[in-house]
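Take a look at the structure below.
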Amino acid sequence: LSDLYDIIYLEIAKEFRVKQAIFTIGSQFDRANGIGNMLLGDIGSSTYGITLHTHYNGLQLLFAYNKDLGKTGAIGSFGGGAFFTSLEDQTIDAIGEKGDAWIIGCEYSFKNFKLSTIYGSFQAKNKENYNVAETDFISGYEISDRFSVTLAYAMINNKNLNNGYNQLRFIMNYNF
């Protein structure tokens, strides 16, 4: 991005089967360095991530972890970043400094309907600066090959400020 930063993003994933279960393991790397006039300031992020998914008879279990070791924390590259730990509201770039994030969740699919819940923790290296938890409840229904609807409810708890907020989203998607 001219006069902002250079971005390198790498992701690799491998899927394998053990009897009827499908496992996917992945890793990612996202690096951003300030360039040109550095209109966003001096940027130096270096974010790593791992993920593990397992699928078995409509049930999916998920674990993911991201950590930033750069000098400025994770950068929301394009559209908030493609981080494994991104949830409805929180993602590791919201921390604004070095930190880490992890999520754990499950989803159950049957026919054209999905129900899922995910819990995530987002913490700065110094937890007094940023310590937020999020719990998501999501349902989705595929009406046809082109049209689907999703209802997503997110509960965000800012542990430093002893407050939080909730989000409710209704999303309609039509594919042309």
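Residue numbers start at 1 and run along the sequence shown.
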Measure across Leu115 and Ser139 and return the closest heavy-atom pair with its distance rounded to 0.1 Å. CD2-CB, 3.6 Å
Test your reading of the model: is there a side-chain donor-acceptor pair from Asp68 to the backbone of Glu97, 3.5 Å cut-off? no
Residues forming a side-chain contact (heavy atoms from CB on, under 4.5 Å) with Asn163, sequence neighbours excluded: Asn158, Leu161
Under a 3.5 Å distance rule, please check whether Asp136 uses its side chain to pair with a backbone N or O of Glu88 as donor and acceptor. yes
Quick one: list whatever passes salt bridge (charged side-chain N to carboxylate O under 4.0 Å, His left out) with Glu107, sequence neighbours left out. none
Keeping Asp100 on the side-chain end and Lys67 on the backbone end, is there a donor-acceptor pair under 3.5 Å? no
Could you tell me which residues satisfy side-chain contact (heavy atoms from CB on, under 4.5 Å) with Tyr108, sequence neighbours excluded, listed by chain and number? Leu59, Phe110
With Asn157 via side-chain hydrogen bond (donor to acceptor under 3.5 Å, both in side chains) - residues at least two apart: none
Do any N or O atoms from the side chain of Ser45 and from the backbone of Ala32 form a donor-acceptor pair under 3.5 angstrom? yes
Indicate yes or no: at least one non-hydrogen side-chain atom of Val149 is less than 4.5 angstrom from one of Ile143. yes
According to side-chain contact (heavy atoms from CB on, under 4.5 Å), who are the partners of Ala101, at least two apart in sequence or on a separate chain? Thr85, Ile92, Phe122
Could you label the plane-to-plane angle of the Tyr174 and Phe147 rings as parallel, tilted or perpendicular, counting under 30° as parallel and over 60° as perpendicular? tilted
Should Tyr48 and Ser27 count as side-chain neighbours, where that means a heavy-atom distance under 4.5 Å? no
Nearest-0.5 Å distance that lies between atom OG in Ser121 and atom NZ in Lys159: 5.0 Å
Got a second to check how far His55's NE2 is from Leu61's CG, nearest 0.5 Å? 9.5 Å
N/O donor-acceptor pairs under 3.5 Å from side chains in residues 8-17, not counting sequence neighbours:
| residue | atom | partner | partner atom | Å |
| --- | --- | --- | --- | --- |
| Tyr9 | OH | Glu11 | OE1 | 2.5 |
| Tyr9 | OH | Gln28 | NE2 | 2.8 |

Of all pairs that satisfy salt bridge (charged side-chain N to carboxylate O under 4.0 Å, His left out), the ones with a partner from residues 108-117, not counting sequence neighbours: none
Minimal non-hydrogen separation, Ser86 against Thr91, with atom names: OG-OG1, 2.7 Å
Test question: given the 4.5 Å side-chain rule for I, L, V, M, F, W and Y, name all other residues clustered with Ile171, or answer none. none
So which residues get pulled into Tyr65's cluster when ILVMFWY side chains under 4.5 Å apart are joined, directly or through others? Ile50, Phe63, Trp102, Ile104, Tyr119
To the closest 0.5 Å, what do you measure between CZ (Phe137) and CD1 (Ile118)? 10.5 Å
Who are the side-chain hydrogen bond (donor to acceptor under 3.5 Å, both in side chains) partners of Asn126, not counting sequence neighbours? none
Return the set of residues passing side-chain contact (heavy atoms from CB on, under 4.5 Å) with Thr51 (not counting sequence neighbours), or none when no residue passes. His53, Leu62, Ala64, Phe84
Leu69 side, atom CG; Ser46 side, atom OG - distance, nearest 0.5 Å: 6.0 Å
Within the distance-only criterion (no hydrogens, no angle test), does the side chain of Glu134 pair as donor or acceptor with the backbone N or O of Gln90 below 3.5 angstrom? yes
Starting at CD1 of Ile7, measure out to CZ of Arg31 and round the result to the nearest 0.5 Å. 12.5 Å
Just jot down the side-chain hydrogen bond (donor to acceptor under 3.5 Å, both in side chains) partners of Asp89, sequence neighbours excluded, or say none. Tyr165, Gln167
